[in-house]
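Step one of this worksheet: look at the structure below.
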Amino acid sequence: MERVKERESERLLLTDSEKKQLETIERKRTNEEFQVAFCGHFSAGKSTILNYLLGAELLPTSPIPTSANVIKIKNGPLGLTMKTVSGETKTFRGDIPWERVREWGMNGLDIESLLIEAPLPFLGEHSVLFDTPGVDSTDPTHQAITFEALLSTDFIVYVTDYNHVQSETNLHFLKRLSDEKKPIYLIINQIDKHEESELSFTTFDRSIRQTFRDWGIQLVKLRYTSMKEQSHPFNELAQFERELKAIVYQSKRLLPFAKDRLYQGFYINVARRLHEEKEAALDRIKEDVIRAGFTLAELEEWEKLRKEWDESLDKKNRFVEHLQKEVESILKDVTIFPYTTTELTRQWLESTEASFKVGFLFAKKKTEEERRRRLDRLVEDVNDKLKSQLLFHLQRLFQRQDFSRLSNRSEVETSLRQLDLVIDPEFFRQAVQHGPKSREYVYAFTKERTNAITTTLRRKAYDLIELMSKGLERYWEEERNELREKIATLQSLQAYVAQIEDVEADYARQIARANEKAASFHDARRYEEEIEKTMREDVPNFEVSLQLKRIDLPEQAVIDSEWDAEDETNRERFMEERANEWVDSLKNVLARYEDDERMYE
């Protein structure tokens, strides 16, 4: 369904960066481009796996984080396009300066993006692959670049290594992607490190999947790979290659779902940003409260007292409405004429007809006695039902109230004893109408008599409620006087409470708008279902082109990706030191990434 731009009356308060993101998403509506981003922490093997998928060593691989830019790869004649931060564009065709590619990829200050075009027919006409900087880079610029790139991508391939799959770095990042409804294909690389003798693979796999469920992280697929031992029994590299190539080759069928999902993720992200801003604004007010010499406990007490005061002004109406609701619930659920009682009613109504006779001798007397016997049985049965189905529950409702607060307790107790009803024979006689006593008539008769009973008891109960509310007026006034005295001692906090209420109200409206926008693009996981169907489709077996095979990369452009002992030790040590630093800096990076200056779209 075609989406239209926001109407003037539906504007959201957006940051400058969010406005740019929305413009990017709008542009994607027309360029028919399906973007797949490869991301993960450094040295997980992300670029190595991507090179394997491409069939050529196009991307630098290294045991230390090197890339500072997003590198885009698409199908086409061999070429390279570099865009600088200043707006300059350089394009190379055929003869590519590969010795400069690594240098440009590391230069995040001057270079904005790199686009490599190569004969990669499995990408089809619509798919573009993105290789992003490591998500755990300690360089805030790298992190911002990765976040910005992922906001407009349609599918995420997240690569993590075997030893760190459950690290906070990975879980926090995957949680954010999942919350933004990004389809995630998770690769756990270096499965060759698994020791079956120490922990069975089944147990390890079950633990991993349970962790993701506990964190609320939804995955399209999870695969295990090894680039070091491709014959490893748990290596699913071939399955990953087939499934991802099926997705990118047939991505056109996914574009309608992907476009809507980008809008949904965008507005979810806006709602989260607004919520974080609201909390920060409230924290600033609370800091002002403390500087003014008050405590947060006193602020909470003031807010509680104000709420109690507002409620106290409407105590009577709320008391009356609550008890009336309880009474109506009792009356609504009552069944005074079940089958057996209805049958007694039918038998008695049958006896009221002129044609009804009993016996031959002394028939008139016997007939009257039978009529009276049937009516007495009906009256007795209905009174029993009335006591058990209605009177008991109504009386218990009022007995549960606190009579000690009443100024007219004696009067209320007398009225409660009068909350009673005894049915006599005349109750039924006066309601009988002339005519045949069919089953339809019996049903209508019992319904009408039930209404008569409930109407009488409703009137009595409502009168009792009104009497009790009058008896509580003195108690409620004493409550209000006590609240006035407490509020007076904290009157200086009123200005801060007003600020808090304004902040909460303003942000509540904005967050509600963002959530409404996000909900309008909800597809009940149809996108994921279509991805799963697409992954099962067959894909032609494309040969790697001679152009790619003949690429001769200089030694310094590509750092060897073999796992020797020294590299592995350095990598492990760097991971442990930097992963926790990344988690701590994540929120600060996001704050710097988002512009403090707000403007309407």
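Quick note: residue numbers are just sequence positions, from 1. Everything numeric in this text was worked out from a predicted model, so none of it was measured.
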| said: For a 4.5 angstrom cut-off between non-hydrogen side-chain atoms, does Leu467 reach Glu411? | reply: yes
| Flag, side chain of Asn189 to backbone of Tyr224, donor-acceptor distance under 3.5 Å | no
| said: Determine whether the aromatic ring centres of residues Phe38 and Tyr158 are separated by less than 6.0 angstrom. | reply: no
| field | Arg261 (side chain) donor-acceptor with Lys181 (main chain) under 3.5 angstrom | value | yes
| request: Please check if the distance between the ring centroids of Phe294 and Trp302 is under 6.0 Å. | output: no
| Looking just at side-chain N and O atoms, do Asp214 and Gln210 make a donor-acceptor pair shorter than 3.5 Å? | yes
| Distance (rounded to the nearest 0.5 Å) between Ile268 CD1 and Gln264 CD | 4.5 Å
| query | For Glu466 and Tyr462, does a side-chain donor sit closer than 3.5 Å to a side-chain acceptor? | reply | no
| field | Cationic N near anionic O, under 4.0 Å, Lys316 to Glu479 | value | no
| remark: With Lys304 as partner, the option from Lys307, Arg306, Glu301, Glu300 fulfilling side chain to side chain contact (heavy atoms under 4.5 Å, CB included) is Glu301
| query | Where is the tightest heavy-atom contact between Arg480 and Trp309, given as atom of each residue plus distance? | reply | O-CZ3, 3.5 Å
| note | Looking only at heavy atoms, the pair that brings Leu419 and Gln395 closest together is O-NE2, 3.0 Å
| message | In terms of relative ring orientation, are Tyr267 and Phe521 parallel, tilted or perpendicular, with 30° and 60° separating the classes? | response | parallel
| field | From Ile217 atom CD1 to Asp179 atom CG, the distance as rounded to the nearest 0.5 Å | value | 8.5 Å
| Got a donor-acceptor contact below 3.5 angstrom from the Glu298 side chain to the Thr295 backbone? | yes
| query | Any idea which heavy atoms bring Cys39 and Thr132 closest together, and the distance? | reply | CB-OG1, 3.3 Å
| field | Glu279 vs Arg272, salt bridge (Lys or Arg N to Asp or Glu O under 4.0 Å): CA-CA, chis, key distance, verdict | value | CA-CA 11 Å; Glu279 292 304 314; Arg272 178 172 50 248; over 6 Å; no
| Quick check: does any side chain N or O of Thr30 sit under 3.5 Å from a backbone N or O of Glu26, one acting as donor and the other as acceptor? | no
| said: Check this for me: Arg474, atom CZ, are more than 12 non-hydrogen atoms of other residues, nucleotides or ligands nearer than 6.0 Å? | reply: no
| For Tyr162, what residues pass the ring pair (Phe, Tyr, Trp, His ring centres under 6.0 Å) criterion, not counting sequence neighbours? | His194, Phe204
| query | With sequence neighbours left out, which residue pairs that include part of residues 486-503 fulfil the salt bridge (charged side-chain N to carboxylate O under 4.0 Å, His left out) condition? | reply | Glu482-Lys486
| query | So, Thr203 side chain and Leu199 main chain: donor-acceptor pair closer than 3.5 Å or not? | reply | no
| Straight-line distance of Leu299 CG to Ile290 CD1, nearest 0.5 Å | 9.0 Å
| query | Under a 4.5 Å cut-off applied to non-hydrogen side-chain atoms, are Phe130 and Val36 in contact? | reply | no
| Between Gln35 and Glu33: side-chain donor-acceptor atoms closer than 3.5 Å | yes
| said: So that I can tick it off, tell me whether Asp288 and Arg291 are bridged by a salt bridge, with the cut-off set at under 4.0 angstrom between side-chain N and carboxylate O. | reply: yes
| field | Nearest-0.5 Å distance that lies between atom CZ in Phe257 and atom CZ in Arg525 | value | 13.0 Å
| said: Let me confirm one number: the CD1-CD distance from Ile487 to Glu308, rounded to the nearest 0.5 Å. | reply: 8.5 Å
| Any donor-acceptor pair under 3.5 Å linking the side chain of Ser415 with the backbone of Val412? | no
| task | Would you check if the side chain of Lys175 reaches a backbone N or O of Asn170 as a donor-acceptor pair within less than 3.5 Å? | result | no
| field | Exercise: identify the closest heavy-atom pair between Tyr496 and Ala292 | value | OH-CB, 3.3 Å
| said: Can you tell me if Arg484 has over 12 outside heavy atoms packed within less than 6.0 Å of its CZ? | reply: yes
| task | Over all heavy atoms of both residues, which pair between Arg176 and Asn269 is shortest? Give the atoms and the distance, please. | result | NH2-OD1, 3.2 Å
| message | Side chains of Gln399 and Leu416, heavy atoms from C-beta outward: is any pair under 4.5 Å? | response | yes
| query | In this structure, are over 12 heavy atoms from other groups packed under 6.0 Å from Lys460 atom NZ? | reply | yes
| Side-chain contact, heavy-atom cut-off 4.5 Å: Lys517 with Arg513? | no
| Do Ser178 and Gln218 get their side chains close enough for a donor-acceptor pair, meaning under 3.5 Å? | no
| said: Is there a side-chain contact between Thr153 and Phe34 in this structure, where contact means two heavy atoms from C-beta onward sitting under 4.5 Å apart? | reply: no
| query | Are any of the side-chain heavy atoms of Glu473 and Ser407 separated by less than 4.5 Å? | reply | no
| message | Rounded at 0.5 Å granularity, tell me how far CG in Leu255 sits from CD in Glu530. | response | 11.5 Å
| So do Leu262 and Lys182 actually touch side chain to side chain, heavy atoms under 4.5 Å? | yes
| message | Looking only at side-chain N and O atoms, does Glu18 offer a donor or acceptor that is under 3.5 Å from a partner on Gln21? | response | no
| What heavy-atom pair brings Glu532 and Val220 nearest, and what distance separates the two atoms? | OE2-O, 4.3 Å
| note | The single option from Leu171, Ile188, Ile187 that satisfies side chain to side chain contact (heavy atoms under 4.5 Å, CB included) with Val165 is Ile188
| task | Look at the side chain of Arg318 and the backbone N and O of Glu311, then say whether any donor-acceptor pair between them is shorter than 3.5 Å. | result | yes
| Donor on one side chain, acceptor on other, Thr84 and Ser86, under 3.5 Å | yes
| said: Salt bridge check, Lys28 against Asp154: does any charged N sit closer than 4.0 Å to a carboxylate O? | reply: yes
| So, Glu328 and Lys325, do they make that salt bridge, N to O below 4.0 Å? | no
| query | Would a 4.5 Å heavy-atom cut-off, applied to side chains only, mark Phe398 and Ile465 as touching? | reply | yes
| said: Is it the case that the side chain of Gln510 and the backbone of Leu13 share a donor-acceptor pair, with hydrogens and angles ignored and the cut-off at 3.5 Å? | reply: yes
| field | Within 6.0 angstrom of Lys470 NZ, more than 12 heavy atoms from elsewhere | value | no
